[in-house]
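Beneath this line is the structure, given in C-alpha cells, with notes to follow.
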Amino acid sequence: MTILLLLLLVLVALFFVRDIRMQFVTKPVLHFFRKVLPPLSDTERQAMEAGDVWWEAELFRGQPNWEKLHDYGKPTLSSDEKAFIDNQVMTALTMIDDYDIVNKRRDLPPELWEYFKKEGFFALIIPKKYGGKGFSAYANSTIVSKIASRSLSAAVTVMVPNSLGPGELLTHYGTQQQKERWLPALATGDEVPCFALTGPEAGSDAGAIPDEGIVCRGKFDGEEIIGLKLSWNKRYITLAPVATVLGLAFKMKDPEGLLGDNQDLGITCALIPTKHKGVKIGRRHDPLHMAFMNGTTQGNEVFIPLDWIIGGPEFAGKGWRMLVECLSAGRGISLPALATASGHLATKTTTAYAYIRKQFGLSIGQFEGVQEVLARIIANTYQLEAARRLTTTGIDLKVKPSVVTAIAKYHMTELGRQVMNDAMDIQSGKGIQMGPKNYLAHGYMANPISITVEGANILTRSLMIFGQGATRCHPYVLSEMEAAGMNDETEALNRFDSLLMGHIGYALRNALASVGHALTGSYFASAPVSGDTRIYYKQMSRMSAALAFMTDIAMLVLGGDLKRKEMISARLGDALSQLYLGSATLKLFEDHGRQFDDLPVVQHVMQTRLQLTAEALEGVIRNFPNKPLSWLMRILVFPLGNWFNGPSDKLSSSVAVSLQKPSPVRERLTFLCPNFVGDTGGIAEVEAAFQAMHKCRDLYARLRDAQKQGKLARESSLEVLAEIAVAENIITEEEQARLLAADKLRLAAINVDDFAKL
C-alpha cells in the first residue's frame with residue numbers, strides 16, 4: 001500500500017505540480033517532439049494553411065457532433081438554377097450524339113459549341129455582375145453530372161472553364177481591371193480558357209514545376225517596362241488546342257533584385273492571351289480516345305508585363321496557395337460529378353437490363369450472382385450521390401475543405417470506376433460492342449482519366465488525405481508544432497505545456513471511448529435519431545474514437561517517419577474517408593425525409609462503410625512496426641474481435657430486387673441520367689423496354705402459370721405462346737398485343753450494333 005501511495009504521489013507531482021511537470025515532463029516531451037517533428041516543405045506548409053477544416057475534423061477528433069452534421073442543411077437549387085437545368089441543359093442533351101462526337105468528329109459539333117457559349121455553360125461560376133450565372137457548387141455539379149450521363153467529352157468541355165482555371169482564379173484573386181477585362185468575355189464564350197499546370201517533370205508534385213518567370217526589363221507596346229521573361233513546357237492541358245487565353249503556373253525569380261531583396265519569389269500564376277508573341281499551342285493529345293480538347297503548350301523567353309500576374313504584382317509568389325484553394329473546390333465538384341453520373345447511368349441501365357435480359361427462362365436479375373453485383377452498383381450510386389451533396393454543401397458554405405475534397409476526389413472516382421466495371425460485368429456483350437446503342441463503353445474507357453488528373457489517386461490516398469488531415473484536423477498537433485517552432489524558449493515551453501496537458505486528456509478519453517464502445521456494443525454512444533439508422537451513428541462514433549486514438553499512437557511513435565510509412569498513413573486516411581462517406585449517407589437519408597424504401601440501400605452502404613473502416617484499422621494494427629503498441633491498439637480497438645462483416649446475402653438480394661421495378665427510390669438514384677422527348681439512343685431503348693415489360697408483369701406471370709399447369713409449352717417463342725394463350729382464353733387479344741409490343745422493345749434493347757466488314 002505504501003508503494004502504491006508513493007507511486008500515486010509521484011504521478012500527482014509529475015502531472016499536477018506545474019514546476020515539477022515542466023522540468024520532468026514538458027521539457028523532455030518538447031525536446032522529443034522537436035526531434036520527431038516531420039519537416040514541412042514550403043509547399044506543404046502553404047497547403048496546410050490554405051484550406052479549411054470542416055466536418056472531417058469532427059470525425060477525426062473521436063467525438064462527432066452529429067447535430068452539427070444535420071444543421072448544415074440540404075442542398076437546393078434556386079429558381080434560376082432549376083430553370084437552367086430544366087431548359088438549357090435538357091436542350092443540350094438533345095444535341096448530344098456521343099458516338100458521333102467520339103468516333104466520327106473527334107470534337108463537339110459546331111452547333112453544340114455555339115450553344116454552350118451562347119447559353120452560358122462556360123460561365124456557371126462567374127458572378128452575375130460580370131455576365132455569368134453565379135450558380136452554386138451544387139448546381140454546377142448537377143449540370144456537369146447530367147451532361148456526363150450522355151457524354152463525358154461534352155461534360156469535360158463544360159467542366160473545365162468552371163473548375164480550376166482563369167475564371168475561378170480571377171473571381172477570387174484578380175484585380176478589378178483584370179476582372180472587367182476578362183470575366184465578361186469568358187462568360188459569353190468570346191474567350192475560351194485553359195490552365196497550364198502539369199508538365200513532363202511535374203505531375204502530382206506540382207510544387208516541382210521547372211517552368212520559370214525571370215523578372216527583367218523589356219519592351220511592351222513600344223515602352224520599356226519591368227516584366228517577366230517566361231519559359232514553359234506543359235502537357236495534358238484540357239481545352240489548350242482551342243483556348244484563346246492561357247492561365248500559366250510558373251516559378252518566379254528576381255535575380256537582379258528589381259522588385260526587392262527576395263530573389264526566389266515562388267510559384268506565381270499569370271494570364272496570357274494565346275495570340276501573344278511567343279506563345280505556342282502545341283499538338284493535340286488523345287486521352288483514351290475521348291473527344292474533348294487536350295494538348296500541349298510551350299513558350300521560350302516570352303516577355304509579359306507584371307500586371308498580367310493574376311491579382312497583380314502583389315500576388316507574385318502566392319500562386320501555390322491560390323492553386324491549392326482552387327484545386328480543392330475543383331476536386332470537390334468536377335471529378336465527383338463525373339463519377340456520380342457514372343453511378344446514375346449504371347444504376348438506371350443495369351437495373352433495367354437485368355430485368356429485361358433473360359437466360360434459362362428467367363430475368364438475369366433473379367440470379368443471386370447478378371443480384372450481388374447489382375446491389376453493389378445501387379449502394380455505390382447512393383454513396384456517390386450522398387458524397388456529392390455533402391461535399392458541395394461544404395463548398396457552398398464558403399468553406400475550402402481541402403481534406404474533404406481530397407477524400408471526394410479519390411474515393412468517388414474509385415467508386416465510379418467500380419460501378420462501371422460492375423455494370424459491364426452484368427451487361428457483358430451489350431457493353432463491349434461499340435456503336436450508337438452502347439451507353440457504357442465510353443464512360444468505361446474514360447474512367448482512368450478522372451483517376452489520374454488533379455493529383456494521381458495513389459498519391460492522393462497515400463500522401464494527401466491523412467497527411468493533411470492528421471495535422472489540420474487534430475485539435476492539438478498543429479498548435480504543438482507552432483509552439484515547438486517558437487524562438488523564445490520560455491514562451492515555447494509555457495505554450496507547449498498547456499497544449500500537452502490537453503493532448504494527454506484527449507488521448508486518454510479516446511482510448512477509453514474506443515474500448516468502452518467496443519465492449520458495450522456502442523450502447524452509450526450518442527445518436528441524434530431513433531429508428532433503424534440509430535445504430536450506425538453509434539458505431540461511427542466508436543470508429544471515430546478508435547481512429548483518433550490510433551492516430552495519436554502513430555504520430556507519437558513514428559513521428560516524421562509517418563510520412564514515409566505511406567501504407568500505414570493511407571489506411572488511417574481510408575478510415576477517415578469511410579467515416580466521411582458514411583456521414584454523407586446518413587445525412588442524405590435524413591435529407592430525403594427518411595424514406596422507408598431507401599432503408600435497405602442505406603443499410604447496405606453503412607454496413608459496407610463500417611466494414612471498410614474496420615478493415616483499414618485492422619491493417620494498421622497488423623502492420624504497425626512497434627509490436628507491443630500494436631497489441632495495445634488491438635486490445636483497445638477490437639477487444640472482442642472485429643465483427644464488422646458487411647452486408648448479408650439476404651440484404652443484397654433485397655436491394656437488387658427493390659430497384660428492378662419503377663419506384664421513387666429508383667428515380668432518386670437515376671435522376672442525373674434523365675429522359676427527354678425524342679431520345680432514341682440506347683438508354684431510351686433499354687428504359688422503354690423495362691417500363692413496358694414491367695407493365696406486362698401480370699401477363700408474364702399468367703403465361704408461366706399456364707406452362708406449369710401444362711396448358712402451354714415451355715420452349716415455344718413468346719409469339720407462339722401468346723397466340724395459343726389467346727386461343728385458350730388465358731389472355732385477351734389486347735393483352736397479346738401489349739406482350740408482343742413489349743417484346744419488340746426488349747429485342748431492340750438487348751441487340752447491339754453491327755457494321756459492314758472493315
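Taking every heavy atom of both residues into account, Gly365 and Val370 meet most closely at CA-CG1, 4.2 Å. Phe690 and Ala352 get closest at one heavy-atom pair: CB-CB, 3.5 Å. The two residues Ala375 and His604 come nearest to each other via the heavy atoms CB-NE2, 4.0 Å. Scanning both residues, Ile377 and Ile426, for their nearest heavy atoms gives CD1-CD1, 4.1 Å.
Side-chain N or O atoms of Lys146 include none that pairs as donor or acceptor with a backbone N or O of Ser141 at under 3.5 Å. Distance alone, capped at 3.5 Å, is enough to place a donor-acceptor pair between the Thr392 side chain and the Arg388 backbone. Remark: the backbone N or O of Asn751 is paired with a side-chain donor or acceptor of Lys430 at under 3.5 angstrom. Side-chain atoms of Arg534 come within 3.5 Å of backbone N or O of Val529 as a donor-acceptor pair. Although no hydrogens or angles enter the test, the distance criterion places a donor-acceptor pair under 3.5 Å between the side chain of Ser541 and the main chain of Tyr537. Judged by distance alone, the side chain of Glu735 and the main-chain N or O of Thr732 form a donor-acceptor pair under 3.5 Å. Panel note: side chain Arg106, backbone His289; a donor-acceptor pair is recorded below 3.5 Å. With Asp591 contributing its side chain and Lys74 its backbone, the two residues share no donor-acceptor pair below 3.5 Å. Using a distance-only test at 3.5 Å, with no hydrogens or angles considered, no donor-acceptor pair links the side chain of Ser151 to the main chain of Ala148. A donor-acceptor pair under 3.5 Å is formed between the side chain of Thr413 and the backbone N or O of Tyr410.
Distance check: Ile535 CD1 to Gln603 CD gives 12.0 Å after rounding to the nearest 0.5 Å. Put simply, CG on Leu440 and CE on Met445 are 12.5 Å apart, with the number rounded to the nearest 0.5 Å. The structure places CG of Leu699 at 11.0 Å from CE of Met693, a figure rounded to the nearest 0.5 Å. In this structure, the separation between CD1 on Ile96 and OG on Ser149 is 8.0 Å, given to the nearest 0.5 Å. Lys587 NZ to Thr585 OG1: the interatomic distance, rounded to the nearest 0.5 Å, is 12.0 Å. Distance CG/Leu610 to CG/Asn645: 11.5 Å, rounded to 0.5 Å.
Counting only residues at least two apart or in different chains, side-chain hydrogen bond (donor to acceptor under 3.5 Å, both in side chains) contacts with residues 337-346 comprise His344-Glu385. The list of side-chain hydrogen bond (donor to acceptor under 3.5 Å, both in side chains) pairs with a residue in residues 362-372, not counting sequence neighbours, reads Gln371-Ser653. For residues 667-677, the pairs satisfying side-chain hydrogen bond (donor to acceptor under 3.5 Å, both in side chains) are Lys348-Asn675, Asp597-Arg668, Asp598-Arg668, with sequence neighbours left out. Within the structure, no pair that satisfies the ring pair (Phe, Tyr, Trp, His ring centres under 6.0 Å) test touches residues 724-746, not counting sequence neighbours. For residues 77-96, the ring pair (Phe, Tyr, Trp, His ring centres under 6.0 Å) pairs, not counting sequence neighbours, are Phe84-Phe121, Phe84-Phe135.
Between the side chains of Arg666 and Thr351, a donor-acceptor pair is found at a separation under 3.5 Å. Residues Gln611 and Gln607 bring no donor and acceptor atom of their side chains to less than 3.5 Å of each other. With hydrogens and angles left out, the side-chain atoms of Trp66 and Ser583 include no donor and acceptor closer than 3.5 Å. Between the side chains of Gln707 and Arg714, no donor-acceptor pair is found at a separation under 3.5 Å.
Contact check for Tyr115 versus Glu111: no side-chain heavy atoms found under the 4.5 Å cut-off. Residues Thr613 and Gln539 are not in side-chain contact: their nearest non-hydrogen atoms beyond the backbone lie 4.5 Å or more apart. In this structure, the side chains of Pro662 and Gln691 come closer than 4.5 Å at one or more pairs of heavy atoms.
Evaluated for a side chain to side chain donor-acceptor pair (under 3.5 Å) with Glu414, the options Asn457, Asn380, Asn447 yield exactly one hit, Asn457. Applying side chain to side chain contact (heavy atoms under 4.5 Å, CB included) to Lys104 and the options Asp100, Ile101, Asp107, Val102 leaves one that passes, Asp100.
Atom CD of Glu733 has 12 or fewer neighbouring heavy atoms from other residues, nucleotides or ligands inside a 6.0 Å radius. No more than 12 heavy atoms of other residues, nucleotides or ligands lie within 6.0 Å of CG in Asp649, so this atom counts as exposed by the packing criterion.
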side-chain hydrogen bond (donor to acceptor under 3.5 Å, both in side chains) between Gln427 and Arg357: does it pass, once the steps are laid out?
CA-CA 9 Å; Gln427 301 199 41; Arg357 184 75 168 102; over 6 Å; no
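Between Asp80 and Lys133, no side-chain nitrogen of the basic residue sits less than 4.0 Å from a carboxylate oxygen of the acidic one, so the salt-bridge criterion is not met. Taking 4.0 Å as the cut-off between side-chain N and carboxylate O, Asp97 and Arg150 do not count as a salt-bridged pair. Arg702 and Asp698 are not joined by a salt bridge, as no carboxylate oxygen comes within less than 4.0 angstrom of a charged side-chain nitrogen. Of the charged side-chain nitrogens involved, at least one lies within less than 4.0 Å of a carboxylate oxygen, so that Arg746 and Asp743 count as a salt-bridged pair.
A search for side chain to side chain contact (heavy atoms under 4.5 Å, CB included) contacts involving Ser136 returns Glu81, Tyr138, Ala139, Asp396, not counting sequence neighbours.
No cation-pi contact links Lys695 to Tyr355, judged by a cut-off of 6.0 Å to the six-membered ring centre and 45° from its axis.
Using the six-membered ring where Trp is involved, Phe116 and Phe122 have ring planes that are tilted, between 30° and 60° apart.
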